[in-house]
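Since the structure comes first, as structure tokens, the remarks are kept for the end.
Numbers here simply count residues along the sequence, with the first being 1. For ligands, and for the atoms within them, numbers begin at 1 and follow the listed sequence.
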Amino acid sequence: MSEQNQAGAGTAPPRHIAIIMDGNGRWATRRGLPRTAGHKVGAETFRKIAYYCKDIGVQYLTVYAFSTENWKRSVEEVNFLMLLMDRYIRELMELMERDHFRIHFSGDLTALPPNLEKLARKATGMALELPDDYCLVNACLNYGGRDEIVRAARRYAADCVQGAQKPEDLDETAFSSYLDSAGIPEPDLLIRPGGEKRLSNFLLWQCAYAEFYFTDTLWPDFSPEEIDKAVAFYARRDRRFGGVKE
Ligand code: IPE
Ligand code: IPE
Ligand code: MG
């Protein structure tokens, strides 16, 4: 490895890690269990990985929990996922002050069950009172990258109609501020367990220059050692952002 490569992403942990938590269903099916059993274990993996990322100094952790396409699944599976999200949001609300987390949500919350939407908004409000240096968990619920961009475009258009913005003033920075991720730096490292090498509509705008790490490990089996491997992979990347290194 050249020194140049070593200097690439550096030895500091990525500031922002984004994870597509995939493979729960296959994990369960391989054990002869219902898919929901995989989601239950996968949710525990989320807890473990969130604490680990915080401990190694990651400041932002974005997790894909439910996509705009996941409504295609059975009612039982969707309902189970909604209940799990409810439980983990409540837990985070109780623990975030003590354990130095903040929570933020991306996605169209208005299409979630009303009690879940209300809970998510309450958690967001609580997190806004917490210090900026607490690790931010950005939970993507009913999230689609395309949907996020369309909703941002709609909001910008509405501001133009009201006279608060002008179409010709729109640039990338201004547009970013209309996204659900406004104020959150772009992911440095995107991790997809579960063996698939695709984005599945995750962070289409924000991942323009993210480093991608794929592993066959299914999400319920994902461990802190896997994060170490992904971070080591990241540290070897030469991030050029379109430029040329001397
Ligand atoms: C990811 O695991 C969790 C969600 C999409 C909610 P999957 O449920 O997609 O698991 P596989 O990919 O079918 O194994
Ligand atoms: C992406 O996984 C969504 C989440 C992990 C929440 P999917 O399992 O839905 O993606 P595809 O269907 O394999 O592309
Ligand atoms: Mg999947």
Side-chain angles (χ1 to χ4, degrees), residues 16-50 53 60-92 103-113 116-117 119-120 136-151 179-181 184 187 189-207 210 212-223 226-227 230:
H16 183 173
I17 294 183
I19 307 182
I20 301 176
M21 305 187 291
D22 194 30
N24 295 348
R26 278 164 287 161
W27 182 93
T29 305
R30 281 178 200 171
R31 286 165 176 73
L33 299 168
R35 293 178 54 84
T36 49
H39 295 314
K40 204 167 164 211
V41 179
E44 283 301 309
T45 304
F46 157 70
R47 186 216 309 270
K48 196 165 59 190
I49 295 303
C53 285
Y60 300 88
L61 175 67
T62 294
V63 287
Y64 205 4
F66 192 89
S67 78
T68 47
E69 287 73 49
N70 287 148
W71 299 104
K72 293 174 187 165
R73 299 184 179 201
S74 74
V75 180
E76 293 75 35
E77 184 169 345
V78 169
N79 286 348
F80 189 85
L81 287 165
M82 297 296 150
L83 273 176
L84 264 185
M85 291 187 273
D86 188 289
R87 186 184 307 164
Y88 280 78
I89 294 169
R90 280 179 203 282
E91 186 187 301
L92 254 171
I103 191 159
H104 175 86
F105 295 92
S106 289
D108 182 3
L109 302 181
T110 63
L112 294 173
L116 188 58
E117 181 192 357
L119 190 68
L136 185 87
V137 175
N138 176 29
C140 297
L141 310 188
N142 190 29
Y143 176 86
R146 288 181 177 177
D147 180 66
E148 180 188 30
I149 291 167
V150 168
R151 284 185 291 103
L179 294 168
D180 298 339
S181 58
I184 301 176
L189 172 64
L190 173 103
I191 300 175
R192 182 164 189 158
E196 307 296 355
K197 293 189 174 66
R198 55 180 174 245
L199 276 177
S200 302
N201 206 5
F202 191 44
L203 305 179
L204 299 181
W205 173 280
Q206 296 87 344
C207 279
F212 287 16
Y213 180 84
F214 298 103
T215 168
D216 288 336
T217 304
L218 302 171
W219 178 247
D221 289 329
F222 200 88
S223 61
E226 296 275 353
I227 291 284

*Heteroatom of Asp22 nearest to the Mg ion (ligand 3) (N, O or S, atom name)*: OD1

*Strictly under 2.8 Å, is any N, O or S atom of Glu196 next to the Mg ion (ligand 3)?*
no

*Counting distance only, does the side-chain N/O of Ser181 pair as donor-acceptor with the main-chain N or O of Ile184 below 3.5 Å?*
no

*Closest by any non-hydrogen atom to atom 5 (C) of ligand 1: pick that one out of Met21, Glu196, Arg73.*
Arg73

*Nearest-contact summary for atom 9 (O) of ligand 2 - protein heavy atom, Å*: Asn70 ND2, 3.0 Å

*Between Asn201 and Gly145, is there a donor-acceptor pair closer than 3.5 Å when you use the side chain of the first and the backbone of the second?*
yes

*Give me the ring orientation class for Phe202 and Tyr64: parallel if the planes are under 30° apart, tilted from 30 to 60°, perpendicular past 60°.*
parallel

*Keeping the roles fixed (side chain from Asp180, backbone from Gly107), state whether a donor-acceptor pair exists under 3.5 Å.*
yes

*Just by distance, with hydrogens left out, do Ser200 and Arg192 show a side-chain donor and acceptor under 3.5 Å apart?*
yes

*Taking non-hydrogen atoms only, is Leu218 closer than 4.0 angstrom to ligand 1 via side chain, backbone, both or neither?*
neither

*Return a yes/no value for Arg35: is any of its N or O atoms, backbone included, closer than 3.5 angstrom to an N or O of ligand 1?*
yes

*Location of contacts on Leu81 toward ligand 1, heavy atoms closer than 4.0 Å*: side chain

*asked:* Heavy-atom pairs closer than 4.0 Å: do any link ligand 2 to the side chain of Phe202, the backbone, both, or neither?
replied: neither

*For Trp27, is the NZ or CZ atom of Arg30 found under 6.0 angstrom from the centre of its six-membered ring and inside 45 degrees of the ring axis?*
no

*Numbered atoms and elements of ligand 1 in range of Arg26, under 4.0 angstrom, heavy atoms*: 11 (P), 12 (O), 14 (O)

*Quick check: does any side chain N or O of Asp86 sit under 3.5 Å from a backbone N or O of Leu83, one acting as donor and the other as acceptor?*
no

*For ligand 1, which atoms have a heavy atom of His39 less than 4.0 angstrom away?*
3 (C), 8 (O)

*Counting heavy atoms only, which of Ala65, Gly195, Gly25, Gly194 comes nearest to atom 6 (C) of ligand 1?*
Ala65

_Could you tell me, atom by atom, which parts of ligand 2 come under 4.0 Å of a heavy atom of Phe66?_
6 (C)

*Just wondering, do Tyr143 and Leu203 contact through their side chains at under 4.5 Å, heavy atoms?*
yes

_Ion pair check, Glu44 and Arg47, cut-off under 4.0 Å_ = yes

*Would you find a donor on one side and an acceptor on the other, under 3.5 Å apart, between the side chain of Thr62 and the backbone of Ala18?*
no

_Protein contact to atom 12 (O) of ligand 2 [nearest heavy atom, distance to 0.1 Å]_ = Arg198 NH2, 4.4 Å

_Taking atom 14 (O) of ligand 2 as the reference point, the nearest protein heavy atom with its distance_ = Ser200 OG, 2.6 Å

*Can you sort out which atoms of ligand 2 are near Asp22, meaning under 4.0 Å from one of its heavy atoms?*
2 (O), 8 (O)

*Could you pull out, from Val78, Asn24, Leu141, Ile20, the option with a heavy atom nearest to atom 2 (O) of ligand 1?*
Asn24

*Within the structure, does Tyr64 bring an N/O atom to less than 3.5 angstrom of an N/O atom in ligand 2?*
no

*Are Thr29 and Arg35 side-chain neighbours, meaning at least one heavy-atom pair lies under 4.5 Å?*
yes

